[in-house]
There are 2 protein chains.
Amino acid sequence: MRTKTPTTPLSRAELVSLSNDIRLACMRISRRVRFESDRELPPHLYSVLVRLEETPRTNSELADIERVSAPSMKRTTSALVELGYVSRADDPTDGRQVILSLTPEGQKVLRRVRRHRDEWMLSRFEHLTDEERELLQRAAAVLAKVASK
Amino acid sequence: MRTKTPTTPLSRAELVSLSNDIRLACMRISRRVRFESDRELPPHLYSVLVRLEETPRTNSELADIERVSAPSMKRTTSALVELGYVSRADDPTDGRQVILSLTPEGQKVLRRVRRHRDEWMLSRFEHLTDEERELLQRAAAVLAKVASK
DNA sequence: TATTGTTATACTCTATAACTATA
DNA sequence: TATAGTTATAGAGTATAACAATA
């Protein structure tokens, strides 16, 4: 068990300053990570592939999740089908619906994009000390909590 | 002076896992922060206002900084002038150039957008313990280092 | 009649190419 | 002639409205 270090609660001013610092750092990291893989696959295509990796879905479901209109999502999914990353199949129980699934090619491109993104992060970690890395590891759980719904 | 806690250097596998965790948390936080203020001012307009807050610049300079074409930047800056957030002035020493500056209205909208963004972060911090906040404060400097250059 | 998918049309932001004015 | 700004035009992604097929 780690020895509890006594901490002084942060003042309101310190919290405002902290929120600004964390926000800026996250936005800058996010921008640079995206920049690393935008050439491979545009952001909105990537986002939809991630949703289809979880489970096959219909066009309407994807439109709801990504908060775009059905026609816009139709454009996106058509492009993904065209690229061979997504396949279409009629729903056997409801003739109106079309089920969209990730193809093996789609899985491959997801792995490739993630590898590029993580490689950039890893390269940034090289400039850190062991203590800084350990600090980030403990902070990761807190950041996940901040990011969570 | 804080007592140095002995740390074990993270393994390669732990670093890969960490890079994924930090990347995901930053991207999710970034997405939600942007969502908080997109209705106030589209991202590309906000970004240009921030550049003009630093110092007045020409259209070409802004296009270079933001990595968009000169005609695209022209559209953006024209919209900002139309909104009253940016003013145009002829360069007295070079008749070809037009200097763009932030107006008082532009400064006000920047303050408003930042307040919205930070308010979201602050609301998220309410769910944290004092220890978690203190941890984030120390991690902020490391995250800034990761995001830098 | 309600719902899913699709097509038609338009608006925004992006780009490249061409034109104007000044150095 | 070179450079800054601008205008013309086109492409990609978004939207709303209308239409087709199925429940």
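Order of the sequence lines fixes the chain letters, A, B, ..., with proteins taken first and strands second; residue numbering starts at 1 for each chain. These figures come from a predicted structure and were not determined experimentally.
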Going from CD1 on A:I99 to OG1 on A:T93, what distance comes out if it is rounded to the nearest 0.5 angstrom? 7.5 Å
Assess the residue pair A:S11 and A:E14 against the criterion (side-chain contact (heavy atoms from CB on, under 4.5 Å)); give the C-alpha distance rounded to whole Å, side-chain angles, the decisive distance to 0.1 Å, and a yes or no. CA-CA 5 Å; A:S11 69; A:E14 284 172 325; 3.3 Å; yes
How long is the span from the CG atom in A:L15 to the CG atom in A:N20, to the nearest 0.5 Å? 12.5 Å
For B:E53, is there an ion pair with B:R114 - N to carboxylate O distance below 4.0 angstrom? yes
Steps toward side-chain contact (heavy atoms from CB on, under 4.5 Å) verdict (B:D21, A:L143): CA-CA 9 Å; B:D21 293 345; A:L143 285 175; over 6 Å; no
Between atom NE2 in B:H44 and atom P in C:dT12, what is the gap in whole Å? 11 Å
Heavy-atom closest contact (B:I29 atom, A:A147 atom, distance): CG1-CB, 3.6 Å
Below 4.0 angstrom, which residues in residues 85-101 of chain A have at least one non-hydrogen atom near DNA chain D? A:D94, A:G95, A:R96
Apply side-chain contact (heavy atoms from CB on, under 4.5 Å) to the pair A:V146 and B:H127, showing each step before the final yes or no. CA-CA 8 Å; A:V146 169; B:H127 306 292; over 6 Å; no
Are A:R39 and A:E36 close enough for a salt bridge, meaning some N to O gap below 4.0 Å? no
Hey, what do you get for CD (A:E40) to CZ (A:R115), rounding to the nearest 0.5 Å? 8.0 Å
Within 45° of the ring axis of B:Y46 and under 6.0 Å from its six-membered ring centre, is that where the NZ or CZ of B:R117 lies? yes
Stretch residues 48-74 of chain B: residues that reach within less than 4.0 Å of DNA chain C through a heavy atom: B:R67, B:V68, B:S69, B:P71, B:S72
Can you give the first and last nucleotides of DNA chain D, 5' to 3', that have an atom under 4.0 Å from a heavy atom of chain A? D:dA12 to D:dA23
